[in-house]
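Here's the structure, in structure tokens; my notes come after.
In this text, all values refer to a predicted model and were calculated from it rather than measured experimentally. So that the names make sense, note that chain A is the first sequence line, chain B the second, and so on, each numbered from 1.
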Amino acid sequence: LYAIRRVYPAASEQGDESVSESSEQSNEQPPEELAATLGALLDQTVSGDLRRRLEPEPSFAAERAWSVVKSRDAQ
Amino acid sequence: VSVDLAFASLAEARRMLDSGEASSVELTRAALAQADRMVPHTNALALRLDERALTRAEAADGRRAQRSTIGPLDGIPYTLKDIIDVADIPTGAGSRLYEGNVPTQSATSAARLEDGGAVLLAKARTHEFAWGGTTLPARNAWDPDRIPGGSSGGSASSVASGIGTFTLGTDTAGSVRSPANFNGVAGLKPTYGRIGRSGVVPLAWTLDTVGVLARSVRDVAVVYDEIAGPDPLDPTSVATPHEPVAGAVEGGAEGLRIGVPDAYFFETIQEPVARTVQQGLDALADAGAELVELTLTPPEAVDSALVAAFVLIGAESSAWHAEWIDTKADLYGEDVLHYLRMGRALLATTYIDAVRCRQLAVECFARAFEQVDIVVTPGHGHVAPRVDEETIVFDRGEPEGRDAAGVRNLTIVNLAGLPGLIVPTGLAGELPAGLQLIGPPLSEGLLLRVGAAIEDRVGHVGRRPPLAAG
């Protein structure tokens, strides 16, 4: 579904087949493989400092999320 | 029956109703005649409600005769995406799974329209459970060989065809804005929680919004005012009372700082679309706005948005459909079943990472709006694809899959919970193209105001698809 190769050029360049599928191929990937691909992509994004810094908010609400960011940036 | 009547703006329709120049029954008959004319080409409607509509139109005319109209939409014909419930009318959700499903309660958004006297003409086609971007077998109002976009493709194609003055859709990853842009109509995705979600078949709870489509920004503003505000049945509803915006839509764009992203959004664009988008940017400058080059940071926020939203939608939708994925698999379309199975296979940590990426998107725009009042992007870099066109080729950059290209500029707005507005800026060749305006939470009034300023200068309002023109 997603243009993963273009969005994540670094992953493709690394030659990691699990994260280098192009968009239309995702439609043909078995669901489990597609899920693993997506997991690998996000794992690559949310790495290092981001993994420690970004506290997830499962009960997301736009206003609350907004105020959290604004408050933190103000500190 | 006059085609002109079917294409009347909301303001024109109200003036005609008030002056007695036209009745609600006449407006309704004109819209239904457009359905007779266009649906054989566009297949945009899932369920017609002609008899009910005419009965409600007669009632609206009766109220007007007694000077007891009940709001600005009294007697105005409209359509609803077929995942929005209306009591005692089937909701099909574009799926064989929902055959025979008749809700007993109306969605809060639909109830507000019904209570306001609006005349429901039909339920408009949706991609199955809103999980896709084509809405086939519905077709584009401007060219039936092309997709209408999705998942609110039937809604967009209908209102572009003159079937109703406005329509409601839903937008989880771009599903109001993508078809609005492909069909040359205005489309508003509000701040997450600003329009109640109750009574709408969910796709992904934390991203779903109800949105408004109409042939002009001004018409969108009036409808938005009627349905926005706290929804006691929706736990994620924004508690702040809604401040009406339609009265301020003429405020213009003078002195506003408009951020034009220097990466990603303008990277993949076809030349005819680029020219049409430039007309919109020129209109903003002509209206006195200051266009500012904007760097969105961190870049990971933009780069990860599509995948993060895909994970959230996959996980949340598979949780909602859980027991049917195995027991009723044969009733789903192949594409939807594939994505539901993908969602079920995601790790919990992947979902958490997607939620982290959502925080990145919020950060990205919070910082942007410290520099500018709104952000502007192309709606798409391409025109509506042909039905058999599964890959979109751009003037530079790599080709993209049709579904990815359909939402690549739109989905980050859902991820950050922000309002986004599509404003058509003209035709790229023979097909519509337009701009997306993005603002801070609850800035719908500002977006509509700026959208109206663009609309005044690009001259798109009033254009009709060739087959619908009469």
Measure the [atom1]-[atom2] distance between [X] and [Y] for me, rounded to the nearest 0.5 Å.
X       : Y        : atom1 : atom2 : value
A:Glu32 : B:Met342 : CD    : CE    : 11.0 Å
A:Leu41 : B:Ser304 : CG    : OG    : 10.0 Å
A:Leu50 : B:Gln359 : CG    : CD    : 12.0 Å

Pick one of side chain, backbone, both or neither for [X], based on which atoms fall under 4.5 Å of a heavy atom in chain A.
X        : value
B:Leu347 : neither
B:Glu370 : side chain
B:Thr349 : neither
B:Leu340 : neither
B:Leu442 : side chain

Over 12 foreign heavy atoms within 6.0 Å of CG, A:Asp49: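 No - once you tally the heavy atoms of other residues, nucleotides and ligands closer than 6.0 Å, there are 12 at most.
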
CD (B:Glu243) with more than 12 external heavy atoms under 6.0 Å: no

Within the 4.5 Å heavy-atom criterion, are [X] and [Y] side-chain neighbours or not?
X        : Y       : result
B:Asp303 : A:Thr45 : no
B:Glu300 : A:Val46 : no
B:Val307 : A:Leu42 : yes
B:Arg356 : A:Arg53 : no

Closest contact, heavy atoms only, B:Ala345 versus A:Pro31: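 So the minimum-distance heavy-atom pair works out to CB-O, 4.3 Å.
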
Option in B:Thr350, B:Leu418, B:Leu207 with maximal non-hydrogen atom pairs under 4.5 Å from chain A: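 Top option by heavy-atom pairs under 4.5 Å: B:Thr350.
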
Set of side-chain contact (heavy atoms from CB on, under 4.5 Å) partners for B:Val176, sequence neighbours left out: B:Ser152, B:Asp171, B:Leu213

Listed partners of B:Ala361 passing side-chain contact (heavy atoms from CB on, under 4.5 Å), at least two apart: B:Ile412, B:Leu415, B:Ala416

